[in-house]
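Just so it is clear, the model here is predicted, and its values are computed rather than measured. What you see below is based on every heavy atom in this structure, not just the backbone, and it leaves out hydrogens, waters and symmetry mates.
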Amino acid sequence: VKMHFCIPVSQQRSDALGGRYVLYSVYLDGFLFCRVRYSQLHDWNEQLRRVFGNCLPPFPPKYYLAMTTAMADERRNQLEQYLQNVTMDPNVLRSDVFIEFLKLAQLNTFDITTKKDYLDIFLPNEESIKIKIITSDTAERVLEVASHKIGLCRELLGYFGLFLIRFGKEGKLSVAKKLADFELPYVSLASSEVENCKVGLRKWYMDPSLDSMLMDCRAALDLLYMQTIQDIEKEWAKPTQAQRQKLAAFQKEDNQTKFLELAREVQHYGYLQLDPCTCDYPEPGSGAVLSVGNNEISCCITLPDSQTQDVIFQMSRVKCWQVTFLGTLLDMDGPQRTLNQKLELRFQYSEDSCWQWFVIYTKQAFLVSSCLKKMISEKMVKLAAKNPEMQIEVPEQSKSKKYHIQQSQQKDYSSFLSRKSKIKIAKDDCVFGNIKEEDL
C-alpha cells in the first residue's frame with residue numbers, strides 16, 4: 001500500500017557560494033515531513049539500489065542542460081511518484097537505508113539535534129506517561145518504550161499506534177494524523193503548528209472483532225477500556241439511554257469485561273470521528289460529520305433547512321478514492337506554512353447499479369484515507385485466514401506474521417492528486433530555466 005507522500009511545491013535556494021539549487025518540500029499525510037534536494041534523493045536511491053537491486057521504481061534522471069519550468073515541474077511530479085511507489089515494498093520500509101535517511105532529513109529540516117530528552121505520551125484517559133527518548137527515535141521505537149512502561153505485551157504492538165492529537169476547547173478531541181513507524185515523534189510534535197497538539201497512544205484497527213485479540217493482556221484491556229470511555233464521553237460512540245445507564249453501572253463496578261461486551265453493541269463503537277466538515281451531498285456546501293469504522297463510512301449530513309440526514313457508505317461498494325490538495329501556497333520560510341491546506345477526499349461509490357463520486361472537504365482527508373486502507377487491509381487478512389492458499393504480507397498489523405493472497409487480487413484503491421488548476425503559485429515557487437544540474 002502506498003504511503004501518503006507528496007511534493008506539492010519546490011523552492012529555489014542559494015547556497016553560500018552563490019549557486020542555486022531546488023529544495024523539495026515533502027509532505028506525509030498532509031504535514032510537512034522534510035525538505036530535500038534532488039542530489040540527496042539521488043544518492044539515497046543509489047544506496048537503496050545497492051541493497052534491493054532493480055526491484056525499485058525508476059528514479060527521475062539527471063538533467064545536464066538547463067531545465068525549463070515544465071521540466072522542473074515534471075521532475076517534482078516524478079520524485080513524488082517515486083516516494084509513493086518505493087514505500088509499497090514493506091522490506092524497503094523496514095530497511096536501515098530507508099529509515100536512516102528519512103531520520104536525518106527530518107532532523108535537518110527542522111534544525112533539531114540528536115540528544116536525550118523526555119516525551120509525554122497521552123493515554124486515552126488523557127493522563128500521560130513520561131518516557132526517556134532520543135530525539136531521533138522513530139515512532140516504532142517510542143511505541144515500544146511506552147508499551148514496555150505500561151506493561152503492554154510486545155506481540156500486541158501492531159494493534160496500537162501513536163497519533164498527533166489536538167485537545168481543543170470544551171474537551172473536544174481531534175486526531176490530526178497517525179505517525180508512521182519511521183517518523184520521529186519528537187520532531188513531528190515540535191514542527192507541528194497544530195494548537196494544543198500532543199502525542200497520543202490509541203488502538204489502531206477498524207474491525208471491532210479484533211478486540212478479542214487483546215482480552216488476555218491486562219494493559220491492552222485497560223487501554224481499550226479507557227478509549228471506549230473516552231469515545232462515549234466525546235460522543236464518538238453513541239449509546240442509547242438504556243445502554244448508557246447499564247454502561248455507567250458496569251463502569252462504577254469497574255467491570256471492564258461486561259462494559260466492553262455491551263459497548264460493542266453501541267452505535268459507532270470503535271469508529272474514528274472527524275471534525276465537522278463539508279461535502280457535496282445532497283448539494284454542495286452541506287455540513288457533515290463523518291465516522292469511519294467497521295467497514296463503513298457513516299455521515300451525519302446537515303441539510304439547508306437545518307435538518308439532519310444519516311447516510312452510510314459500505315466499504316464493499318467503494319471502488320476507489322483519491323485525495324487532492326486544493327491549497328494556496330503561502331510563506332515559504334515557515335516550517336509548516338508552505339501550504340494553506342485545503343484537502344479534498346472523493347470516493348467512487350456504487351448505488352443503484354451506478355457509480356457516483358462523493359466529495360468531502362476536510363483537513364483530515366489523509367487520515368480518512370489511512371482508515372480506508374486499514375479497513376481493506378483487515379478484510380484481506382480475514383480472507384487469507386479463510387483460504388490458506390492465499391498470500392499477503394500485512395506489515396502494520398504484526399510484523400512477525402505473513403499472510404498469503406493471489407497477486408491478481410491486490411489492488412491500489414487510493415491515489416493522491418495535486419490539482420494544479422486549484423493551486424496558486426507564488427513567484428518564488430517556480431523553477432526557471434537557468435538552473436543547471438550541477439547547481440542542484
Side-chain angles (χ1 to χ4, degrees), residues 3-28 31-52 56-87 92 95-114 136 180 182-184 187-188 191 325 329-339 416 418 423 425-440:
M3 302 291 295
H4 291 133
F5 274 115
C6 54
I7 308 176
V9 62
S10 58
Q11 308 160 240
Q12 294 184 73
R13 289 292 173 90
S14 299
D15 58 28
L17 300 177
R20 305 177 74 182
Y21 62 91
V22 179
L23 200 61
Y24 296 94
S25 296
V26 179
Y27 279 69
L28 177 61
F31 287 76
L32 181 62
F33 180 73
C34 66
R35 290 192 176 102
V36 289
R37 297 169 62 165
Y38 171 87
S39 58
Q40 293 173 302
L41 291 172
H42 181 274
D43 291 346
W44 180 47
N45 174 67
E46 292 299 311
Q47 293 174 359
L48 288 171
R49 287 196 183 279
R50 284 195 285 271
V51 177
F52 298 101
L56 295 176
F59 189 81
K62 287 185 176 182
Y63 292 134
Y64 294 96
L65 301 175
M67 284 196 302
T68 63
T69 302
M71 293 166 65
D73 193 48
E74 181 183 15
R75 169 179 283 181
R76 180 180 61 79
N77 290 330
Q78 290 174 339
L79 289 172
E80 181 179 282
Q81 290 298 315
Y82 173 82
L83 287 174
Q84 292 176 7
N85 291 330
V86 79
T87 56
V92 173
S95 68
D96 290 339
V97 175
F98 180 89
I99 293 171
E100 291 303 317
F101 173 80
L102 293 182
K103 283 170 63 173
L104 189 60
Q106 290 175 80
L107 290 167
N108 290 343
T109 295
F110 300 104
D111 197 24
I112 293 177
T113 58
T114 299
S136 59
F182 54 81
E183 276 191 84
L184 311 184
V187 177
S188 296
S191 62
F325 265 122
L329 303 178
L330 297 175
D331 174 28
M332 305 309 298
D333 296 321
Q336 251 334 75
R337 294 174 181 165
T338 303
L339 287 174
F416 167 80
S418 179
I423 296 182
I425 307 293
K427 291 182 179 179
D428 294 337
D429 303 332
C430 298
V431 183
F432 297 97
N434 58 351
I435 298 178
K436 298 181 180 180
E437 179 61 42
E438 54 265 31
D439 297 326
L440 301 183

Q: Evaluate side chain to side chain contact (heavy atoms under 4.5 Å, CB included) for Phe52 paired with Ser95, printing each intermediate quantity in order.
A: CA-CA 10 Å; Phe52 298 101; Ser95 68; 3.5 Å; yes

Q: Please lay out, stage by stage, how Arg75 and Tyr24 fare under the test side chain to side chain contact (heavy atoms under 4.5 Å, CB included).
A: CA-CA 10 Å; Arg75 169 179 283 181; Tyr24 296 94; 3.1 Å; yes

Q: Output, in order, the C-alpha distance, side-chain angles, deciding distance and verdict of side chain to side chain contact (heavy atoms under 4.5 Å, CB included) for Ser25 and Leu32.
A: CA-CA 7 Å; Ser25 296; Leu32 181 62; 3.9 Å; yes

Q.
Is there a side chain to side chain contact (heavy atoms under 4.5 Å, CB included) between Arg35 and Val26? Walk through the geometry before answering.
A. CA-CA 6 Å; Arg35 290 192 176 102; Val26 179; over 6 Å; no

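Judged purely by atom type and a 3.5 angstrom limit, Tyr21 has no side-chain atom pairing as donor or acceptor with the backbone of Tyr38. Of the possible polar contacts, one joining the Gln106 side chain to the Leu184 backbone as a donor-acceptor pair under 3.5 Å is found. Looking at Ser191, its side chain never comes within 3.5 Å of a backbone N or O of Phe110 through a donor-acceptor pair.
Checked against side chain to side chain contact (heavy atoms under 4.5 Å, CB included), Val51 has the following partners two or more places apart in sequence or in another chain: Val97. Among residues two or more places apart in sequence or in another chain, the side chain to side chain contact (heavy atoms under 4.5 Å, CB included) test is passed with Pro58 by none. Checked against ring-ring contact (aromatic ring centres under 6.0 Å, His included), Phe98 has the following partners two or more places apart in sequence or in another chain: Trp44, Phe182. Annotation: side-chain hydrogen bond (donor to acceptor under 3.5 Å, both in side chains) contacts of Glu183 (sequence neighbours excluded): Lys177, Ser188.
To the nearest 0.5 Å, atoms CD (Gln40) and CZ (Phe101) are separated by 5.5 Å. One finds the CG atom of Leu48 at 10.5 Å from the CG atom of Leu41 (value rounded to the nearest 0.5 Å). Here the CD1-CG distance, from Ile99 to Leu104, works out to 13.5 Å after rounding to the nearest 0.5 Å. Here the CG atom belonging to Leu79 is positioned 11.5 Å from the CD atom belonging to Gln84, to the nearest 0.5 angstrom. To the nearest 0.5 Å, the span separating CZ on Arg37 from OG on Ser10 amounts to 13.5 Å. Between Leu56 atom CG and Asn45 atom CG the span is 6.0 Å, to the nearest 0.5 Å.
Results of the ring-ring contact (aromatic ring centres under 6.0 Å, His included) test with Phe5 over Tyr27, Tyr82, Phe33 single out Phe33 as the only residue that passes.
When side chains are defined from C-beta on, Asp73 counts as touching Asn77, because their heavy atoms get closer than 4.5 Å.
The minimum heavy-atom distance between Cys34 and Val36, with the atom names listed, is SG-CG1, 4.0 Å.
Among residues at least two apart or in separate chains, salt bridge (Lys or Arg N to Asp or Glu O under 4.0 Å) pairs with a member in residues 95-106 are Glu100-Lys103.
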